[in-house]
Amino acid sequence: MSPRRTTAGGQIDRLKTVRFTFDGAPFTGHAGDTLASALLANGVSLMGRSFKYHRPRGVLSAGVDEPNALVTVLRGAAREPNIPATAIEIHDGLRAESQNRFPSLNWDVGALNQLAGKVLGAGFYYKTFMGPVVGPLKGTRFWMFCEHFIRRAAGLGRAGTVADDTRYERMNAFCDVLVVGSGPAGLMAAKAAADRGARVILAELDPRFGGSANWSGETIDGTRAADWANDIVNGLKGRNNVRLLPRTTVWGYYDGNTMAALERVSDHKETAARGEPRHRHWTIRAKSVVLATGALERPLVFPGNDRPGVMLASAAQRYANQFGVLPGEKIALFTNNDTAYAAAAALGKAGANVTAIIDVRSGISDEARGLAASCGAEVLAGHAVVATEGGRALTDIKIQRFDQASGTVTGDARSIHVDGLLMSGGWSPVLHLASQAGAKPEWDDRLQAFLPPKPTQNWAGAGACTGRFATAEAIVEGHLTGLAAAGAAASAIEVPAVEPSSVAPQPAPVFEIKAEGKSFVDFQHDVTADDVRLAHREGFISVEHLKRYTTLGMATDQGKSSNVPGLAIMAEPLGKPIPEVGTTRFRPPYTAVSIGSLAAERYGDLRPERLTPMHDWHLAHGATMYSAGLWFRPMIYGLAGETVEQAYVREAKAVRETAGIVDVSTLGKIAVQGPDAAELLDRVYTNIFSTLPVGKARYGLMLRDDGVAFDDGTTWRLGDDNFLMTTTTANAGKVMQHLEYFLDVVWPDLKVTVTSVTDEWAGAAIGGPKARDILAACVKGTAVDNAALPFMGIVHGEIADVPVMICRLSFSGEMAFEVYCGAGHGTHVWEALIEAGKPFGLVSYGLEALGTLRIEKGHVTGAEIDGRTTARDLHLGWMLSKKKPFIGSATMEREGLVAADRLQLVGIVALDNRPLNGGGHIVEALDENNPHGSIGHITACCYAPALGKYIALALVQGGKSRHGMRAFVSDPLRKRFGPVEIVSHHFFDPEGSRMHG
């Protein structure tokens with residue numbers, strides 16, 4: 001193959017030379033080139049090796065559907081593998097290298113795999129390594145022997161290990177209309193919507209807006225299509241209701257018209273501008289979406305269709321018209337439709353020598369013949385390519401007569417000397433986003449392709465995405481779709497004159513030419529037509545099974561070019577039409593998404609950080625912070641020289657003796673409102689809430705539908721139809737999902753809404769003997785004595801001129817109150833409470849002291865509600881109502897959930913006065929050399945200042961029946977062994993006299 005740069009034409013800047021390297025060799029290109037086009041212009045045809053057979057591969061396409069020319073880009077010491085050369089914009093200093101070869105791309109020892117073609121067929125790894133039984137290699141031992149070599153061969157490019165030091169950003173955007181794709185249809189949709197005043201975002205995955213207009217070679221109303229598109233884009237640029245996003249791939253379509261997109265901000269630059277990110281991730285929420293995503297040309301399946309020099313006809317047309325590169329000196333085309341003739345004419349006009357057009361159809365339209373004549377190509381109707389020849393480049397093709405009716409070739413083979421073969425097997429609309437939106441694609445027999453499904457969300461398609469391949473049709477449909485998306489009435493548009501008129505895209509239903517040799521369906525994974533037929537013979541007739549058994553469509557291109565030919569080949573032995581065989585549903589992402597862009601500013605964090613309104617106050621007053629759930633909370637407020645244990649013991653002791661204040665803003669808070677709010681609570685809680693008076697709160701327990709304890713918390717009745725539910729910090733999201741699921745799926749008739757308001761409230765809990773006195777000193781507008789604010793009562797007042805809501809409830813076992821205010825006033829109210837508490841000895845305390853207080857009192861948390869315990873295991877059976885059904889009530893009496901030997905909550909006291917550890921086992925007989933016989937485990941532990949002992953909560957078989965018994969802790973990992981006593985989990989004030997006051 002001898003590709004070369006044309007002397008004129010294209011949209012590259014021929015005055016600007018760009019220097020880059022490929023496999024260490026220096027090359028030059030021009031601004032506007034992709035790596036693929038620049039390499040082609042330099043005569044490089046071999047760009048990669050296939051995954052399994054290491055066959056030499058050249059570029060197949062000109063876009064993101066490229067399966068062959070994958071490279072690794074080097075940025076300093078960082079490596080980014082598996083990037084299509086067709087999607088890389090060259091820049092000075094670009095360094096790229098080929099993959100999946102050793103020692104070099106030209107001489108790859110892995111190519112020896114081709115000699116084992118029969119052995120390495122579909123599913124070979126499932127079959128081969130189950131045996132043989134030879135000597136010591138019995139059963140799976142042979143697999144273990146081979147595993148080392150398989151792992152070394154797996155993968156394509158080699159990922160780097162150096163930390164990524166580039167910047168990434170995340171953005172959120174809202175618009176009335178999001179247009180995905182900027183071909184003629186997308187441009188007209190964006191313009192029509194913008195003209196009606198809609199807020200429009202136009203996203204285009206390429207650097208240049210215009211889509212096919214940039215390379216079709218057409219004229220629209222007497223203007224070059226590329227110039228026509230550029231004029232529309234320039235008109236949109238100046239509008240304040242339009243945002244243009246080039247180099248932006250919309251890769252995911254989610255519920256509520258939420259779209260995910262990746263903008264490649266500086267990949268095309270040698271050095272990013274100051275403060276400029278490499279990638280920017282967009283979350284776009286649109287009222288309506290226009291999908292103008294175009295279509296991808298399919299290859300034909302025939303022997304040798306993967307040889308370097310064989311590419312898609314539309315790709316060659318694009319290289320010639322957009323990049324000024326001819327794919328060869330002497331070119332032939334192989335097709336089953338008319339669009340290849342337009343490509344031939346374009347290549348002929350650009351200076352290529354088009355020798356022949358081989359067409360499987362016997363009847364060729366006059367328009368197609370005219371295009372062939374314009375480039376001097378011989379038309380060989382009723383013929384097919386049956387073989388290609390050459391080593392690392394194409395040298396010849398062989399053709400024979402082809403009978404479309406029987407699908408057979410006959411007669412003697414004829415050789416044609418060419419260095420480029422362009423194929424066109426029809427077109428597949430890009431319906432990935434439409435499929436992600438929630439419906440099954442629909443087969444169009446005329447186009448031999450799947451079309452987008454009927455919308456289940458507020459979107460509409462336009463242009464080639466919907467099967468409108470003619471440019472004039474796409475423009476009209478884009479205009480009408482844009483108007484509808486903006487909520488405007490349809491209006492006529494003058495149909496533009498497009499020259500040359502688009503040729504018919506309808507292909508003959510021919511996907512494969514059966515002849516001797518390997519015919520590839522999935523180029524990257526080396527899946528052949530015979531592999532697909534083998535899968536059928538072995539019973540893998542489901543399209544999903546076919547995909548996984550053969551790996552068809554599982555490469556980095558995700559089957560963009562191979563899915564439909566693979567289905568067609570599977571359909572034949574099944575004796576079914578393609579739509580009955582089905583198609584795999586497309587999942588996000590459409591193209592690869594950098595993990596850095598998803599993390600963005602949170603690079604280096606394993607989870608998001610949530611801070612309470614009082615976070616800065618905690619830091620300023622010596623708090624040591626740690627994460628609890630997704631929140632950062634104070635662990636201790638340590639004094640100089642204190643250990644963690646000394647600090648929490650001091651804080652907990654102060655709460656028992658005077659008063660303490662703790663930040664509880666992180667508790668989950670859910671507003672439950674509506675006429676059926678009380679009914680919903682009765683169904684999700686095990687106890688009754690419909691009888692709860694307004695102005696009171698009640699402790700509640702939820703079960704999962706399998707009868708296992710799920711979450712506990714208090715719910716406050718603020719009005720007849722208005723409740724505030726609180727949940728544990730870690731379970732807030734899960735409880736919200738739990739409620740939403742039952743409302744959406746199980747009880748859609750209930751008139752109730754649930755809203756997460758966790759972030760709207762700041763909360764502080766004050767507990768201890770002096771807690772009421774502190775509140776009385778600073779609360780205005782309400783009394784806080786026992787008559788006005790009894791246990792579980794709610795009052796409204798003000799603290800420091802800020803409205804507050806106060807509920808008297810306790811997690812510490814002391815008389816305690818939770819004070820809530822708007823999050824924006826959190827620190828102000830907190831400081832007012834601190835100031836009011838100074839005369840009474842108020843201390844701020846953290847989670848360690850809070851945990852100590854709750855363990856002394858025997859309250860349960862997520863450590864005990866661990867997804868395995870029931871209400872009775874936790875001694876909460878008194879909360880199981882017998883007057884009503886509730887979630888889990890039908891399953892909680894199952895035999896396994898009421899067995900006598902279940903683990904139940906108990907208290908543990910260390911008899912050797914040494915600290916205990918969470919997770920330590922409880923055993924009846926101690927054996928340090930052979931730990932065994934566990935009867936339970938510790939869930940939470942501390943030093944209890946109220947008892948002067950090390951204590952713990954534990955789940956132990958028999959539970960209450962073991963109170964007063966001696967046992968042992970066995971913790972071999974931490975070498976902790978010793979005697980313990982099993983007691984009631986109510987260590988402190990079991991009657992609750994201090995709490996009720």
Side-chain angles (χ1 to χ4, degrees), residues 612-615 617-618 621 623 628-629 631 633-637 648 651-669 697 699 712-716 724-730 732 758 761-779 784 789 791-797 799 802 804-823 825-837 840-857 859 861 992 994-997:
T612 73
M614 290 80 88
H615 181 81
W617 188 95
H618 300 318
H621 288 79
W631 295 87
R633 302 185 68 180
M635 177 174 67
I636 57 170
Y637 297 85
Y648 80 69
E651 292 171 2
K653 188 176 181 181
V655 176
R656 296 284 186 224
E657 294 176 351
T658 54
I661 183 171
V662 62
D663 185 350
V664 294
S665 304
T666 64
L667 292 177
K669 294 173 278 291
Y699 178 58
D712 68 334
T714 60
T715 290
W716 311 4
L724 178 65
M725 174 188 292
T726 67
T727 74
T728 57
T729 295
T758 300
W761 294 94
I766 297 183
K770 301 294 184 180
R772 193 197 300 274
D773 296 332
I774 295 171
L775 283 181
C778 63
V779 174
V784 293
L789 189 53
F791 185 66
M792 289 295 189
I794 303 167
V795 295
H796 296 267
I799 295 178
V802 174
V804 296
M805 180 167 58
I806 305 170
C807 182
R808 182 179 162 192
L809 53 86
S810 177
F811 188 66
S812 62
E814 299 294 327
M815 178 184 293
F817 306 84
E818 288 187 3
V819 180
Y820 285 104
C821 66
H825 300 289
T827 303
H828 181 68
V829 171
W830 175 274
E831 290 176 336
L833 289 168
I834 294 287
E835 189 65 28
F840 302 96
L842 178 69
V843 299
S844 55
Y845 65 99
L847 286 191
E848 291 296 310
L850 181 64
T852 298
L853 297 169
R854 77 96 177 171
I855 293 170
E856 289 179 341
K857 186 61 181 173
H859 287 311
T861 65
R994 296 171 68 93
M995 180 172 63
H996 292 282

For [X] and [Y], which heavy atoms make the closest approach, and how far apart are they?
{"X": "Gly668", "Y": "Thr758", "answer": "CA-OG1, 3.6 Å"}
{"X": "Leu667", "Y": "Thr729", "answer": "N-OG1, 3.7 Å"}
{"X": "Gly763", "Y": "Ser665", "answer": "N-OG, 2.9 Å"}
{"X": "Ser810", "Y": "Phe791", "answer": "N-CE1, 4.4 Å"}
{"X": "Ala623", "Y": "Pro634", "answer": "CB-CB, 4.0 Å"}
{"X": "Met614", "Y": "Thr827", "answer": "CA-OG1, 3.8 Å"}

Check for a donor-acceptor pair, side chain of [X] on one end and backbone N or O of [Y] on the other, with a separation under 3.5 Å.
{"X": "Arg808", "Y": "His996", "answer": "yes"}
{"X": "Arg994", "Y": "Gly813", "answer": "no"}
{"X": "Thr726", "Y": "Lys669", "answer": "no"}
{"X": "Glu651", "Y": "Gly846", "answer": "yes"}

task: Could you go through the side-chain contact (heavy atoms from CB on, under 4.5 Å) check for Phe817 and Leu789 one step at a time?
output: CA-CA 10 Å; Phe817 306 84; Leu789 189 53; 3.5 Å; yes
- prompt: For the residue pair Tyr820 and Trp761, does the interplanar ring angle fall in the parallel (under 30°), tilted (30 to 60°) or perpendicular (over 60°) class?
  reply: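 Ring orientation, 0 to 90° scale: perpendicular.
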- request: Run the ring-centre check on His621 versus Tyr637 and record whether the distance is less than 6.0 Å.
  value: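 No - the distance between ring centres of His621 and Tyr637 does not fall below the 6.0 Å cut-off.
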query: Testing Val843, Ile774, Ile661, Val829 for side chain to side chain contact (heavy atoms under 4.5 Å, CB included) with Ile834, which one passes?
result: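 Running side chain to side chain contact (heavy atoms under 4.5 Å, CB included) over Val843, Ile774, Ile661, Val829 with Ile834 returns exactly one hit, Ile661.
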query: Under a 4.5 Å cut-off applied to non-hydrogen side-chain atoms, are Pro769 and Glu657 in contact?
result: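 No; the side chains remain at least 4.5 Å from each other.
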- prompt: Is the shortest heavy-atom distance from the side chain of Leu842 to the side chain of Thr658 under 4.5 Å?
  reply: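 Counting from C-beta outward, Leu842 and Thr658 never come under 4.5 Å.
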task: Show the numbers, then the answer: is there a side-chain contact (heavy atoms from CB on, under 4.5 Å) between Leu853 and Tyr845?
output: CA-CA 11 Å; Leu853 297 169; Tyr845 65 99; 3.9 Å; yes
- prompt: How long is the gap from CD1 on Ile766 to CD on Glu818, to the nearest 0.5 Å?
  reply: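 Atom-to-atom, Ile766:CD1 and Glu818:CD are 11.0 Å apart.
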